[in-house]
Amino acid sequence: MNTTKKLFSLNKDYTRRKFIFNVGKVAAASALLSAPFVGRAANFFEVKEDVTVGQIIDKFISQIAGAPFPKTVDTLKSGNLDIKVTGIVTTMFATIDVIKRAIALNANFIIAHEPTFYNHADETDWLANDDVYQYKAKLLKDNNIAVWRNHDYIHSLKPDGVGMGVLTQLSWAAYYRPDLGNVLVLPPTNLAALIEYLKNKLSINKVRYIGNPAQNCQKVLFLPGAAGGKRHITEAGKVKPDVLIVGEIQEWETAEYVRDAQAKGDNLSLIVLGHIASEEPGSEFMAGWLKQHFAAIKSVHIPANNSLSFM
C-alpha cells in the first residue's frame with residue numbers, strides 16, 4: 001500500500017473546515033492590500049483625525065497575548081510617542097530611500113519589520129562617528145519621522161502576521177497545517193516548478209537551492225526570515241519534509257546538513273529565498289491591519305526590495 005500518497009493527499013473538505021479562520025484573515029488582508037495606490041501624495045495623506053504614534057503602537061500591542069513584553073527589540077528608533085501621525089509607511093527596512101519616499105508622501109510614521117541601524121538591537125554607540133548613520137539619523141530627525149520596529153509583536157500574533165502575509169502572497173493559506181507546525185501540504189509538483197512559482201509570486205530574480213529539479217515536492221517545511229540553522233535542522237529532522245524553504249542561512253549550517261542528508265539517501269531539498277523576499281509580505285499584512293483599525297490615517301506599504309543584485 002502506498003501510504004505516502006495517502007498521507008500527503010489534500011482533502012479539500014477538511015482544508016476548508018480546518019483553515020476557515022486563517023483564510024478569512026487572509027481574505028480580509030488581501031482585500032485591503034488590493035486597493036490601488038493613489039498617485040497624489042497630498043490627497044492620499046489627508047488626515048481626518050488626530051492619532052498619535054503611541055496610540056497606534058498601543059492598539060497593535062493590545063492584540064498580543066502576554067504583551068507588552070518585558071524585553072523586546074520593538075522600540076522606537078526615532079521620533080516619540082506623542083507625534084501626531086500624518087500618514088504611515090510599512091516596510092521591511094526603513095532605508096534612506098524609503099524614508100525619502102515617506103517624506104514625499106507627507107507620512108511621518110514608518111513601521112519597519114527589521115532594524116534601522118544595522119544591528120538587531122539598533123544600538124548606535126558604535127556608529128556615533130559613522131557618516132552613513134549620521135546622515136540617516138539626521139534625515140529622520142529633521143523631518144520629525146517616527147520609526148517603530150514591529151518584529152516580536154507581529155510574529156506573536158495568532159496566526160503570525162508575517163506568516164499570513166507570505167501565505168497570502170503565495171496563495172497557500174489553504175495548504176497550511178498548524179497541527180504539523182510550519183508545514184504546508186501542497187498539490188504534487190517538482191522542485192523546478194516550485195522554484196519558478198516562488199520566484200514569480202515573490203518577485204525574486206534568482207534563488208539558491210540544493211536538490212534534483214525533478215524531485216517530487218509536496219510536504220514543505222516553510223521557515224521564512226532568519227530562523228537559524230539549529231531550528232532549520234531540528235524541524236527538518238522531525239518533520240521529514242520533501243523540501244525545506246527558508247529565508248536566509250549561514251552556509252556552513254543548513255546547506256551542509258541538507259547536502260549530507262542527500263548523500264545519506266534522504267529526499268530532502270533546500271530552497272533559499274532570501275530574508276527580505278521571504279518576509280516583505282508581512283509588511284503588507286501590517287498595512288492591511290492599519291487600514292482596518294485606523295482607516296482615518298492613510299497607510300501604504302513601500303517595499304524595501306533586495307539590497308543585493310545578481311549577475
Side-chain angles (χ1 to χ4, degrees), residues 25 29 51-83 85 88-95 98-99 102 107-128 133 136-137 140-141 144-167 178 181-182 223-232 234-235 246-248 250 275-276 278-290 292-294 297 299 301-302 304:
K25 284 271 191 179
V51 178
T52 66
V53 166
Q55 287 174 318
I56 294 172
I57 293 174
D58 288 346
K59 177 66 175 177
F60 191 87
I61 291 176
S62 73
Q63 300 190 351
I64 311 298
F69 301 152
K71 186 176 181 180
T72 178
V73 295
D74 292 5
T75 58
L76 280 177
K77 313 307 177 183
S78 71
N80 62 73
L81 297 174
D82 296 324
I83 291 175
V85 179
I88 309 169
V89 166
T90 68
T91 190
M92 268 286 286
F93 286 92
T95 66
V98 168
I99 294 166
N108 63 352
F109 186 22
I110 298 174
I111 300 178
H113 184 61
E114 296 296 1
T116 299
F117 297 118
Y118 324 118
N119 67 100
H120 184 59
D122 280 296
E123 296 168 343
T124 58
D125 290 351
W126 64 288
L127 292 168
Y133 160 72
K136 190 174 192 178
L140 290 166
K141 183 178 180 181
N144 196 32
I145 293 176
V147 176
W148 178 53
R149 184 178 182 190
N150 185 6
H151 180 274
D152 299 347
Y153 288 119
I154 194 170
H155 276 306
S156 298
L157 275 176
K158 301 299 180 185
D160 182 316
V162 174
M164 293 311 295
V166 179
L167 292 177
N182 297 288
L223 295 170
K230 285 186 177 179
R231 186 176 175 193
H232 293 162
T234 300
E235 293 198 23
V246 302
E248 68 174 76
Q250 301 213 56
H275 193 136
I276 296 175
S278 74
E279 286 200 320
E280 185 79 68
S283 293
E284 293 192 63
F285 176 92
M286 187 64 202
W289 182 90
L290 289 164
Q292 284 183 310
H293 296 277
F294 293 93
I297 303 295
S299 58
H301 169 248
I302 296 179

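As the structure is a prediction and not an experimental result, all values here were calculated from the model.
- In terms of heavy-atom proximity, His232 sits nearest to Ala227 at NE2-CB, 3.7 Å.
- Of the possible donor and acceptor atoms, one in the side chain of Asp122 sits under 3.5 Å from a partner among the backbone N and O of Phe117.
- Note: Trp289 and Phe294 have tilted aromatic rings, judged against thresholds of 30 and 60 degrees for the angle between ring planes.
- Annotation for Val98 and Ala304: closest pair CG2-CA, 4.4 Å, computed over non-hydrogen atoms.
- Looking at heavy atoms from C-beta onward, Ser299 lies out of side-chain contact with Phe109 at the 4.5 angstrom threshold.
- Here the side chain of Thr124 pairs no donor or acceptor atom with the backbone of Leu127 at under 3.5 angstrom.
- Side-chain atoms of Lys136 come within 3.5 Å of backbone atoms of Thr116 as a donor-acceptor pair (strictly under, hydrogens ignored).
- Judged purely by atom type and a 3.5 angstrom limit, Asn80 uses its side chain to pair as donor or acceptor with the backbone of Ile83.
- Summarising the geometry of Ala94 relative to Ile99, their closest heavy-atom pair is O-CD1, 3.7 Å, with the distance given to 0.1 Å.
- In this structure, Thr91 contributes its side chain and Ala112 its backbone to no donor-acceptor pair below 3.5 Å.
- Nearest heavy atom pair, residue Gly247 against residue Ser278, reads CA-OG, 3.4 Å.
- Residues Ile111 and Phe60 form no side-chain contact, since every pair of their non-hydrogen atoms from C-beta on lies 4.5 Å or further apart.
- Taken from CD in Glu279 to CD in Glu284, the straight-line distance is 13.0 Å, to the nearest 0.5 Å.
- Annotation for Ala146 and Leu76: closest pair CB-CD2, 4.3 Å, computed over non-hydrogen atoms.
- Inter-residue side-chain proximity for Lys59 and Val51 is flagged as unmet; no heavy-atom pair is nearer than 4.5 Å.
- Ile88 contributes atom CD1, which lies 7.5 Å from atom CE of Met286 (distance to the nearest 0.5 angstrom).
- Of all heavy-atom pairs spanning Gly66 and Phe69, the tightest one is O-CD2, 3.6 Å.
- No side-chain heavy atom of Val85 sits under 4.5 Å from any side-chain heavy atom of Thr52.
- Residues Leu167 and Met164 meet the side-chain proximity criterion, which asks for heavy atoms closer than 4.5 Å.
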* Asked: side chain to side chain contact (heavy atoms under 4.5 Å, CB included) between Phe93 and Ile276: does it pass, once the steps are laid out?
  -> CA-CA 9 Å; Phe93 286 92; Ile276 296 175; 3.7 Å; yes
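- Here the CD atom belonging to Glu280 is positioned 6.0 Å from the CE atom belonging to Met92, to the nearest 0.5 angstrom.
- Distance CG/Leu290 to CZ/Phe285: 10.5 Å, rounded to 0.5 Å.
- For the atom pair Leu140 CG and Ile110 CD1, the distance stands at 6.5 Å (nearest 0.5 Å).
- Taking OG1 of Thr90 as the reference point, atom NE2 of His113 lies at 11.5 Å (rounded to 0.5 Å).
- The backbone N or O of Ala121 lies less than 3.5 Å from no partner atom in the side chain of Arg149, so there is not a single donor-acceptor pair.
- In this model, a donor atom of one side chain and an acceptor atom of the other lie less than 3.5 Å apart for His155 and Asp160.
- Side chain of Asp74 to backbone of Asp152: a donor-acceptor contact under 3.5 angstrom is found.
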